[in-house]
*Asks:* 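Attaching a single structure in structure tokens format; questions to follow.
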Amino acid sequence: QVQLVESGGGLVQPGGSLRLSCAASGSIFSINRMGWYRQAPGKQRELVAHITRARRTNYADSVKGRFAISRDNAKNTVYLEMNSLKPEDTAVYYCNAFVASDSANWADYWGQGTQVIVSS
């Protein structure tokens, strides 16, 4: 009933930038935390960044200073601005949101994943 639609993934050169977007739609009463996770080949899924409704943020150490997460509450959308990209940033990036479909029912939702490839 809640859908997260991602966009912005693709191929980028090292040192380049990419902006990911994820819009939540469907039966939404409220969205608390939104975030981005990634999973590189042979590695476990890891948190990249998350942001609360009040726009408090948290970043993985590996992306601090390079990535910026933001959100537009009116649009139920979260963004991830990725700068100074490195080959090790190559991964499938997943949007995540903790969503209430009504005042009492919260659940974690995930996007389909979007591929980010950082390569020359």
*Asks:* Atom CG of N32 and atom CH2 of W106: how far apart are they, to the nearest 0.5 Å?
*Replies:*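 Going from CG on N32 over to CH2 on W106, the span is 5.0 Å.
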*Asks:* Enter the distance from I69:CD1 to M34:CE here, rounded to the nearest 0.5 Å.
*Replies:*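 If we round to the nearest 0.5 Å, I69:CD1 and M34:CE are 8.5 Å apart.
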*Asks:* Can you tell whether the side chains of K86 and D89 come within less than 4.0 Å, N to carboxylate O?
*Replies:*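 Not counted as a salt bridge, because no side-chain N and carboxylate O are separated by less than 4.0 Å.
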*Asks:* Might you work through the side-chain contact (heavy atoms from CB on, under 4.5 Å) test for V48 and M82, ending with a clear yes or no?
*Replies:* CA-CA 11 Å; V48 177; M82 303 185 293; over 6 Å; no
*Asks:* Hey, is CZ on R66 packed in by over 12 heavy atoms from elsewhere, all under 6.0 Å?
*Replies:*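 For R66, atom CZ is crowded (more than 12 foreign heavy atoms under 6.0 Å).
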*Asks:* Kindly compute the distance separating CZ (R53) from OG (S30), expressed to the nearest 0.5 Å.
*Replies:*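 Here the rounded value is 5.0 Å.
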*Asks:* Below 3.5 Å, can you tabulate the donor-acceptor pairs from side chains in residues 4-27 to any protein atom, sequence neighbours excluded?
*Replies:*
unit_1	atom_1	unit_2	atom_2	d
E6	OE1	G113	N	2.9
E6	OE1	T114	N	3.3
E6	OE2	C95	N	2.3
S17	OG	N83	OD1	2.9

*Asks:* Are V2 and F98 joined in one hydrophobic group, where the rule is that I, L, V, M, F, W and Y side chains link up if heavy atoms are under 4.5 Å apart?
*Replies:*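 Different clusters: V2 never reaches F98 through Ile, Leu, Val, Met, Phe, Trp or Tyr contacts under 4.5 Å.
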*Asks:* Quick check on side chain to side chain contact (heavy atoms under 4.5 Å, CB included): which of I117, V118, T90 does L85 satisfy it with?
*Replies:*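 Between L85 and the candidates, side chain to side chain contact (heavy atoms under 4.5 Å, CB included) is satisfied uniquely by V118.
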*Asks:* In the single-linkage hydrophobic clustering (I, L, V, M, F, W, Y; side-chain heavy atoms under 4.5 Å), do L80 and V92 co-cluster?
*Replies:*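 No, L80 does not connect to V92 through the hydrophobic network.
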*Asks:* Can you list every ring pair (Phe, Tyr, Trp, His ring centres under 6.0 Å) pair that touches residues 37-72, not counting sequence neighbours?
*Replies:*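 Output for this query lists Y37-W110.
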*Asks:* Knowing that exactly one of R38, R45, Q112 qualifies, which makes a side chain to side chain contact (heavy atoms under 4.5 Å, CB included) with Y94?
*Replies:*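 Of the listed residues R38, R45, Q112, the side chain to side chain contact (heavy atoms under 4.5 Å, CB included) partner of Y94 is R45.
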*Asks:* Can you tell me how far the OG1 atom of T57 sits from the NZ atom of K64, to the nearest 0.5 Å?
*Replies:*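 Here the interatomic distance stands at 9.5 Å.
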*Asks:* Drop me the distance from I51's CD1 to R33's CZ, to the nearest 0.5 angstrom.
*Replies:*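 If we round to the nearest 0.5 Å, I51:CD1 and R33:CZ are 11.0 Å apart.
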*Asks:* If you count heavy atoms of other groups shown closer than 6.0 angstrom to CZ of R55, is the number above 12?
*Replies:*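 Check passes, neighbour count above 12.
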*Asks:* When rounded to the nearest 0.5 angstrom, what distance separates OG1 in T52 from CG in N58?
*Replies:*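 Taking OG1 in T52 and CG in N58, the distance rounds to 10.5 Å.
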